[in-house]
Novice: 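Mind having a look at this structure? Questions to follow.
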Amino acid sequence: MSVPTPKAAATENLVEVKNLKKWFPIRGGILSRVVANVKAVNDVSFNVRKGEVLGLVGESGSGKTTVGRTILRLIEPTDGSIKFAGNDITRIPKSELRTYRRKMQIIFQDPFASLNPRMTVGDIIAEPLVIHNLEGSAQARTERVAELLQLVGLNPDHIRRYPHEFSGGQRQRIGIARALAVRPEFIVADEPVSALDVSIQAQVVNLLQDLKEQLGLTVLFIAHDLAVVEYISDRIAVMYLGKIMELTTSKNLYRSPKHPYTEALLSAIPMPDPTLKRERIVLQGDIPSPINPPSGCVFRTRCRYAIKECAETVPELREVAPGHFKACIRDDIL
Amino acid sequence: MDDKRLLEVKDLKVHFFTDDGVVKAVDGVSFHIDKGETLAVVGESGSGKSVTSLAIMRLIPNPPGRIVGGEILFRGKDGQVKDLAKQDEASMRKIRGNDIAMIFQEPMTSLNPVYTVGDQIAEAIVLHQGKSKKEALELSAEMLDLVGIPEPRKRLSNYPHQMSGGMRQRVMIAMALSCNPSLLIADEPTTALDVTIQAQILELMYKLQEEIGMSILFITHNLGVVAEMADRVVVMYAGRAVEEADVTPTFKRPKHPYTMGLLNSVPRLDLAAEHQQRLEAIPGNVPNPLRLPSGCAFHPRCKYFQAGRCDTDIPLLQDTGGGHMVRCVRWAEIQAEQGVTA
Ligand SMILES: Nc1ncnc2c1ncn2[C@@H]1O[C@H](COP(=O)(O)OP(=O)(O)OP(=O)(O)O)[C@@H](O)[C@H]1O
Ligand SMILES: Nc1ncnc2c1ncn2[C@@H]1O[C@H](COP(=O)(O)OP(=O)(O)O)[C@@H](O)[C@H]1O
Ligand code: SF4
Ligand code: SF4
Ligand SMILES: [Mg+2]
Ligand SMILES: [Mg+2]
């Protein structure tokens with residue numbers, strides 16, 4: 001299967017994901033046999049180029065978090081491979097993983113649950129430095145923490161405060177500072193602004209954008225809100241039921257979506273403009289269960305363009321225009 | 001009260017008397033809803049949206065909360081106007097479900113997990129309409145059909161956990177509408193749902209309103225949803241309404257700095273794709289309700305702030321013309337500054 005990187009592009013890939021699968025077994029009966037699998041991620045391939053923000057969007061349960069965590073090997077993949085800076089890290093032992101762990105960090109969605117309430121902000125941010133044995137002395141660590149607080153727009157004097165003394169947006173900044181402490185090259189940001197109010201969400205989106213520029217970070221930005229993803233991403237991958245449906249630049253995705261699911265997703269987002277009159281495509285029914293996804297194209301049960309053949313073959317993610325990939329067998333639509 | 005008015009909230013105050021101090025969750029909110037109209041209440045977390053709606057239903061937990069002032073005038077199905085703030089529990093019980101129904105953000109917590117959805121809808125119908133159990137179940141199936149649940153008769157015997165989030169929200173709507181309320185209060189009814197399911201629910205609510213002609217008080221923090229659903233909008237900040245206007249002027253000619261800031265901070269798909277400009281964030285944080293800033297509560301975050309004017313007295317909600325209400329001492333100057341003729 002071809003890996004979605006434009007044919008002509010010579011850009012360096014920092015992360016290469018190939019045919020990645022993550023199935024979660026469901027056990028049942030007295031013998032705890034595997035009775036079924038949740039096919040959370042089911043054959044996904046994409047690359048993240050050095051210095052880019054790749055957005056990963058999809059509705060809840062589509063497999064975004066599982067992709068992010070599997071890349072970082074916080075969960076073990078069922079099949080497929082993950083390369084970081086050209087090295088296959090899919091099956092290297094935990095001891096070897098350590099060096100990569102430092103280069104790859106994660107920012108979590110919930111700024112309330114992800115910080116230990118009994119640790120001071122200073123200790124929270126310094127923790128990864130201690131784990132990775134960086135900045136040696138306590139003095140050097142404190143200096144680094146103060147520098148990080150400044151970097152994310154917090155007052156360095158607040159180093160001894162506890163998480164409950166901060167608002168949601170400020171806690172998310174603390175989470176970002178912690179992720180940046182070890183000077184990572186790659187960040188997985190899993191719904192970093194979803195729990196925040198809009199005015200605060202904008203602050204954090206802007207901060208992430210600035211940090212990316214300043215530090216030359218490579219980011220996998222996971223979110224369910226396509227509008228947020230559009231602002232920050234260079235390219236966007238759209239997921240549905242454990243598979244990538246479409247992958248292209250932000251601009252292309254909005255201007256000329258080529259997959260029926262993307263088309264419907266775009267039209268479902270309410271625009272903050274009461275004078276806009278749009279034709280709305282309302283998808284019927286619910287997202288099917290990932291335990292028993294539809295045969296062929298997983299989107300076919302809700303697709304208004306579905307034909308008989310859609311049930312028969314699993315559409316490959318293929319390049320239909322330069323740098324524009326879609327997993328749909330029909331080229332006579334959109 | 002004007003004939004076409006269904007609800008008129010006047011200077012409502014709801015305070016919570018907590019160990020840490022008095023939280024003035026709602027502190028002088030006024031608005032009205034006409035028959036058949038959809039009024040959206042927007043604002044960030046903690047601004048007092050839910051407390052306002054709970055006060056209308058008289059469901060404020062007491063202690064620690066209490067309505068400490070104001071009127072909630074409501075026209076019942078019999079045409080009589082009552083002040084809900086002064087009704088006793090027996091009278092409110094008749095109004096809830098019959099005249100006013102409410103749906104919440106998380107349908108799972110408002111449905112009882114141990115009863116089938118059929119039993120739950122039927123119970124509401126028996127209670128409020130005095131129908132027999134058999135008639136009520138029949139009507140329940142009709143309601144499920146109305147809200148677009150396939151095979152409604154079979155679904156009556158489902159438990160809530162056997163349904164998806166979108167279907168549970170449909171059940172909640174079916175239950176709310178089963179008694180033909182004249183006012184539906186919807187508190188973030190689509191916030192917990194995916195966008196494609198949200199689109200289904202919004203379409204359903206829109207269609208049902210056309211058919212039934214009820215009024216809707218729609219609470220949300222999503223400005224896209226507001227633009228789509230509302231006739232009129234109330235913008236809340238720190239327990240007060242700061243702007244109220246028809247939906248188009250709210251979005252096209254906002255007059256309160258907070259409304260302007262809110263609109264600028266919303267990521268817009270169409271704008272983002274064309275020129276990846278930055279979002280304009282509102283600086284600072286939502287204030288602690290126990291320590292609200294003096295004067296205009298928005299002043300520490302406002303780019304039009306002027307010392308001596310904004311931080312002294314609480315600005316009044318003024319009519320700036322044509323029912324466009326604004327609570328800002330500098331609104332006219334700001335309009336002039338922006339080159340808009342007031
Ligand atoms: N039972 C209670 N006891 C004390 N304070 C309360 C209580 N319920 C609400 N409040 C406070 O009242 C204020 C308004 O809360 P409310 O729930 O109306 O906000 P909201 O606008 O609905 O926010 P959200 O968008 O988060 O739902 C907040 O400061 C809140 O903490
Ligand atoms: N540890 C787990 N055990 C079983 N199923 C899981 C586990 N983690 C995730 N899943 C399932 O995998 C699917 C994808 O989940 P997730 O990656 O969290 O989606 P998203 O982040 O897109 O909302 C969902 O059906 C979810 O319920
Ligand atoms: S393959 Fe068929 S069902 Fe799938 S998106 Fe394309 S047209 Fe629709
Ligand atoms: S009163 Fe002053 S601080 Fe408040 S919104 Fe108006 S200009 Fe801003
Ligand atoms: Mg997730
Ligand atoms: Mg609320």
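Every chain is numbered from 1 and lettered A, B, ... according to where its sequence line falls, protein lines coming before strand lines. As the structure is a computational prediction, the values presented were derived from the model and not from experiment.
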Novice: Identify which part of A/Ser167 has an atom lying under 4.5 Å from any heavy atom of chain B, answering side chain, backbone, both or neither.
Specialist: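 Only the side chain of A/Ser167 comes within 4.5 Å of chain B.
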
Novice: Can you find a side-chain donor-acceptor pair between A/Tyr305 and A/Glu263 that sits under 3.5 Å?
Specialist: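 Note: A/Tyr305 and A/Glu263 side chains meet the donor-acceptor criterion.
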
Novice: Based on non-hydrogen pairs under 4.5 Å, which of A/Asp273, A/Leu226, A/Val205, A/Leu253 is most in contact with chain B?
Specialist: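 Winner by heavy-atom pair count: A/Asp273.
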
Novice: Heavy-atom pairs under 4.5 Å with chain A - which of B/Thr196, B/Asn222, B/Thr248, B/Leu223 has more of them than the others?
Specialist: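 Counting heavy-atom pairs under 4.5 Å, the top option is B/Thr196.
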
Novice: Testing the 3.5 Å rule here: is there a donor-acceptor pair between the side chains of B/Thr38 and B/Gln209?
Specialist: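 Yes, B/Gln209 and B/Thr38 have a side-chain donor paired with an acceptor closer than 3.5 Å.
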
Novice: Report yes or no: does A/Glu246 contribute a side-chain atom to a donor-acceptor pair with the main-chain N or O of A/Ala237 at less than 3.5 Å?
Specialist: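 No, A/Glu246 side chain to A/Ala237 backbone: no donor-acceptor pair under 3.5 Å.
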
Novice: Against chain B, label A/Val228 side chain, backbone, both or neither, depending on which of its atoms sit under 4.5 Å from a heavy atom there.
Specialist: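 Answer is both: backbone and side chain atoms of A/Val228 are under 4.5 Å from chain B.
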
Novice: Can a side-chain donor-acceptor contact be found between B/His221 and B/Glu188 if the only test is distance below 3.5 angstrom?
Specialist: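 Looking only at side-chain atoms, B/His221 and B/Glu188 do form a donor-acceptor pair, the distance falling under 3.5 Å.
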
Novice: Is the closest side-chain donor-acceptor distance between A/Glu59 and A/His224 under 3.5 Å?
Specialist: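 Absent: no donor and acceptor within the cut-off.
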
Novice: With a 3.5 Å cut-off and no angle check, do the side chains of B/Ser215 and B/Glu37 form a donor-acceptor pair?
Specialist: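 Side chains of B/Ser215 and B/Glu37: no pair found under 3.5 Å.
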
Novice: Who among A/Ile200, A/Asn252, A/Val198 has the most heavy-atom pairs with chain B under 4.5 Å?
Specialist: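 Among the listed options, the one with the most contacts to chain B is A/Val198.
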
Novice: Pick whichever of B/Pro150, B/Gly284, B/Ala230 has the most heavy-atom pairs under 4.5 Å with chain A.
Specialist: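 So the answer, after comparing B/Pro150, B/Gly284, B/Ala230, is B/Gly284.
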
Novice: For B/Val226, is it the side chain, the backbone, both or neither that has a heavy atom under 4.5 Å from a heavy atom of chain A?
Specialist: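 Contact with chain A is absent: no heavy atom of B/Val226 under 4.5 Å.
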
Novice: Relative to chain A, which segment of B/Glu203 carries a heavy atom at a distance below 4.5 Å: side chain, backbone, both, or neither?
Specialist: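 Just its side chain gets close to chain A.
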
Novice: Go through the side-chain N and O atoms of B/Tyr237 and B/Arg301 and say whether any donor and acceptor fall under 3.5 Å apart.
Specialist: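 Result is yes, a qualifying pair exists.
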
Novice: Is it the side chain or the backbone of A/Gln284 that comes within 4.5 Å of chain B heavy atoms, both, or neither?
Specialist: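 The backbone, not the side chain.
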
